[in-house]
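In what follows, a single structure is set out as structure tokens and then discussed.
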Amino acid sequence: MDYHDIDLFKASQAQVMIARKVKIQRLSREPRSVVGLDVSYRGETGFAAAVSINYKTLEIEEIGIAEGKVVFPYIPGYLAFREAPLMLKALMRLKGEKDLLVVNGHGIAHPRRCGIASYLGVIMGLPSIGVAKRLLAGSVVERNGKRLIVIDGIVAGVVLRLGKSDLYITIGHMVDIEDLEEIARRTTISGRSLPEPIYWADRISREKSLGRISSQRTLI
DNA sequence: GCGACAG
DNA sequence: ATCTTGTCGC
């Protein structure tokens, strides 16, 4: 499949539909397990990892892996159509509870307010936040000493430097701005540049794509 | 038309 | 994201 086999207009409409269901509200309760999601590639094959982390201890509780051929190309603004299918497959393999999704990508700081974090949050009916290394849409404004990500006059996220480089943390679904910083700070161990859920999802999906994980091998 | 552009 | 050569610092 290449660029011309895709109906981006219909894809956009689907995103607008999902964006209307996004709820911005304080997390109803402190999460117990936070799930990090990411995808790595080896050629046309994608390897997704869903890693459940205990919010209090930051220990890995469960790992879900899924792999498959990825035909949808990477097009800025349409990342969910490329990566969400495998992420969902990996997520479904987790037996335990899932209180919050932390996705590698953006939430509502998106051209149609439907980045992959919001997309997954709405589909799963779970709170979600996006963690990205670069900005996709919107702008960063300084306010009360904080760098906020604003799009269409709405505060969609915050820029944090928890480690070596800036991270763009955005609202996915059923969380608010306060939750973003709370979750990001409390799940990031000193010495690391990413929140634990994303760090492990990123690492495990990459190790898997490199064929370094056979089954239940210990990871640390 | 031009530049920008998550992973 | 992935590939890939070179450089800097602990």
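- Set against B/dG7, C/dA1, B/dA6, the side chain of A/Asp38 has B/dG7 as its closest nucleotide.
- At a threshold of 4.0 angstrom between heavy atoms, the contacts of A/Phe47 with the nucleic acid are absent.
- Listed nucleotides B/dA6, C/dA1, C/dT2 differ in distance to A/Ser209; the shortest reach to its side chain belongs to C/dT2.
- Following rounding to the nearest Å, A/Tyr41 (OH) and B/dA6 (P) show an atom-to-atom distance of 13 Å.
- Rounding to the nearest 0.5 Å gives a distance of 11.5 Å between CG of A/Asp38 and CG of A/Leu86.
- For A/Pro76, whose side chain is taken as the heavy atoms from C-beta onward, the closest listed nucleotide among C/dT2, B/dG7, B/dC5 is B/dC5.
- With hydrogens and angles left out, the side-chain atoms of A/Asn54 and A/Glu61 include a donor and acceptor closer than 3.5 Å.
- One interatomic measurement links the two molecules: CD1 of A/Ile151 to C1' of B/dC5, which rounds to 13 Å at whole-angstrom precision.
- When heavy atoms are screened at a 4.0 angstrom cut-off, A/Gly77 is found touching base atoms of the nucleic acid.
- With rounding to whole Å, A/Tyr74 atom OH is found 14 Å from C/dT2 atom C1'.
- The separation between A/Ile169 atom CD1 and B/dA6 atom C1' is 13 Å, rounded to whole Å.
- To the nearest angstrom, C1' of B/dG7 lies 14 Å from CG of A/Leu37.
- Phosphate contact (OP1/OP2 of B/dA6, side-chain N/O of A/Arg82, threshold under 4.0 Å): absent.
- Both key distances under 3.5 Å define a Watson-Crick or G-U pair, and DNA chain C has no stretch of 3 or more such consecutive pairs.
- Between A/Leu167 and A/Pro195, the closest side-chain pair of non-hydrogen atoms falls below 4.5 Å.
- Taking atom CG of A/Leu194 as the reference point, atom C1' of B/dG7 lies 13 Å away to the nearest angstrom.
- For the residue pair A/Ser40 and A/Ser205, a side-chain donor N or O sits within less than 3.5 Å of a side-chain acceptor on the partner.
- Counting only N and O atoms by type, the side chains of A/Arg82 and A/Tyr78 include no donor and acceptor under 3.5 Å apart.
- For the atom pair CD1 of A/Ile149 and CD1 of A/Ile171, the computed distance is 9.5 Å after rounding to the nearest 0.5 Å.
- Among the atoms of the strands shown, base atoms are found under 4.0 Å from some heavy atom of A/Ile116.
- Atom CE in A/Met87 sits roughly 11 Å away from atom P in C/dA1 (whole-Å rounding).
- Summarising the geometry, the separation between CD on A/Glu207 and C1' on C/dA1 is reported as 16 Å, rounded to the nearest angstrom.
- Looking only at side-chain heavy atoms (C-beta outward), A/Phe81 and A/Gln15 come within less than 4.5 Å of each other.
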